[in-house]
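Comments concern the structure below.
Because the structure is predicted, anything quoted here is derived from the model rather than measured. All ligand and atom numbering here is 1-based and tracks the order in the structure. Heavy atoms only: backbone and side chains are in, while hydrogens, waters and symmetry mates are out.
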Amino acid sequence: MKIIMYSVLAEEKPYIEAWEKKTGNQVTQIEDRLTPETVELAKGYDGIDMQQTSDVKDPIVYEKLASYGMKQLTGRMVGYEIFDLDLATQNGLTVTNIPAYSPRAIAEMGVTQAMYLIRNIGYFQQRMSNGDFRWNGMISQEIHDLTVGIIGAGHIGGASAQLYTALGAKVLATDPVYNVELEPYLEYTDLDTVLTQSDIVTIHTPLKEDTRELINKDTLGKMKKSAYFINMARGGLVNTQDLITALQNHEIAGAALDTIADETEFFETQMDPTKTPQDYQTLQAMPNVLMTPHSAYFTNKAVKNIVEIGLNDVVTIVNGQKSPHALN
Ligand code: NAD
């Protein structure tokens, strides 16, 4: 079977080559994103695998893939809001994602960034770069004395709860789905209690209609002034301007953002730092804000699983079988 793989990273190559050897299938690796302009590169292949580096909402992409005889479109990611699933169905394409390639990768990044914030590391670094080695005003808290609030206790939120519990923190969570397996690690409650009681609020819901800008002026206003906000999920869950205002007015203590609204355009690109959007620049200049480029998932274990699960799904669907990861 011949498969084309878009947006391939150097770190994925060894796992792709090992999979080819193991399965006898052939993968053409390209760095291009899947767009209406690059979709033609998929002509002549049996299957297609792409990353979340581009929105795939243009009907042309689905129509062309169908005209090449494609049966599927595999996304190497958890969140799948970049696709138009109705268009995929209309064109006979099964879209798949990878629901759990390594929830710990993202959970560990969230905890790491929360720890950085509560220990005022950004402030100390800023001071030291100005020759200021003093501690005044910078006393920290200890994680085992704190309450962590999780919005969305699925794979990643659940893994985060386990990590925070292991560190001795009290963990609250809000989620419409009750998971009995998480009982040892968290206490379920409502959103308001999570917001008002937590010292660290960490969001792990998918981006969908009812979660878009869930973090806004109102919800930020309910958080403690001493609390930190962690977003390792999707930028669209947050009203960025409201977050900036809350930080500027000291309505919350700080934020860690692995993802920010409208980032897709910059995903995995080298930008001119003077040309990044103003909200990025404003947030990046704050010593109580940490920003990473949607890299929470980027561990060796996650990348290996992403490559293998995605390519296995391509083969499954092209061979006429059903994938457990089908989204439509
Ligand atoms: P998941 O589906 O296992 O969990 C999501 C949870 O959110 C579910 O339990 C669901 O019931 C809950 N939920 C849905 N709506 C809610 C609401 N309104 N309020 C509270 N809870 C709600 O997904 P996951 O694997 O834990 O991933 C979560 C998100 O993390 C993904 O959708 C994706 O956007 C993001 N993600 C980011 C990275 C990264 O590198 N930064 C990597 C992977 C995933």
query: After noting the C-alpha distance and the side-chain angles of K225 and E251, does the key distance pass the salt bridge (charged side-chain N to carboxylate O under 4.0 Å, His left out) rule?
result: CA-CA 5 Å; K225 281 191 180 348; E251 288 159 22; over 6 Å; no
Numbering the atoms of ligand 1 from 1, which are under 4.0 Å from a heavy atom of [X]?
X: T174; value: 20 (C), 21 (N)
X: P176; value: 13 (N), 16 (C), 20 (C), 21 (N), 22 (C)
X: G152; value: 7 (O), 12 (C), 20 (C), 21 (N)
X: H294; value: 38 (C), 39 (C), 40 (O), 41 (N)
X: D210; value: 18 (N)
X: P99; value: 25 (O)
X: P206; value: 5 (C), 7 (O), 14 (C), 32 (O)
X: R234; value: 33 (C), 34 (O), 35 (C), 36 (N), 37 (C)

task: Determine whether more than 12 heavy atoms belonging to other residues, nucleotides or ligands lie under 6.0 Å from atom CG of D262.
output: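 No, the 6.0 Å shell around CG holds no more than 12 heavy atoms from other groups.
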When you compare ligand 1 with [X], is there at least one nitrogen or oxygen pair between them that comes in under 3.5 angstrom?
X: H155; result: yes
X: M232; result: yes
X: T259; result: no

message: Please tell me whether Y45 and Y68 form a close aromatic pair, meaning their ring centres lie under 6.0 Å apart.
response: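 Centroid distance Y45-Y68: not below 6.0 Å, so no.
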task: Going by heavy-atom distance to atom 29 (C) of ligand 1, choose the closest among I151, D258, T205.
output: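 It is T205 that holds the nearest heavy atom.
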query: If you measure from atom 4 (O) of ligand 1 to every heavy atom of G157, G154, G158, A173, which option wins on shortest distance?
result: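 Considering heavy atoms of G157, G154, G158, A173, the nearest to atom 4 (O) of ligand 1 sits in G154.
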- prompt: What class does the angle between the rings of Y297 and Y101 fall in, given that below 30° is parallel, 30 to 60° is tilted and above 60° is perpendicular?
  reply: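 Plane angle over 60°, so perpendicular.
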Going by heavy atoms, is [X] under 4.0 Å from ligand 1?
X: E81; result: no
X: F298; result: no
X: I106; result: yes
X: L207; result: no

message: Please tell me whether L182 and V201 are part of a single hydrophobic cluster in this structure, the criterion being side-chain heavy atoms less than 4.5 Å apart.
response: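 L182 does not cluster with V201.
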query: So, for S323 and T96, which heavy atoms are closest and what is the spacing to 0.1 Å?
result: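 The answer is OG-CG2, 3.8 Å.
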Inter- and intrachain pairs under salt bridge (Lys or Arg N to Asp or Glu O under 4.0 Å), touching residues 105-114, at least two apart: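 Output for this query lists R104-E108.
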Which residue and non-hydrogen atom of the protein lie closest to [atom], and at what distance in Å?
atom: atom 5 (C) of ligand 1; answer: H204 O, 3.5 Å
atom: atom 27 (O) of ligand 1; answer: I156 CD1, 3.3 Å
atom: atom 15 (N) of ligand 1; answer: K208 NZ, 3.1 Å
atom: atom 31 (C) of ligand 1; answer: V78 CG1, 3.8 Å

- request: Apply side chain to side chain donor-acceptor pair (under 3.5 Å) to Q278 and T282, showing your working.
  value: CA-CA 6 Å; Q278 188 53 52; T282 306; 3.3 Å; yes
- prompt: Just checking, any donor-acceptor pair under 3.5 angstrom between side chains of H294 and D258?
  reply: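 No.
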Heavy-atom protein neighbour under 4.0 angstrom from atom 2 (O) of ligand 1: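 Protein heavy atom within 4.0 Å of atom 2 (O) of ligand 1: absent.
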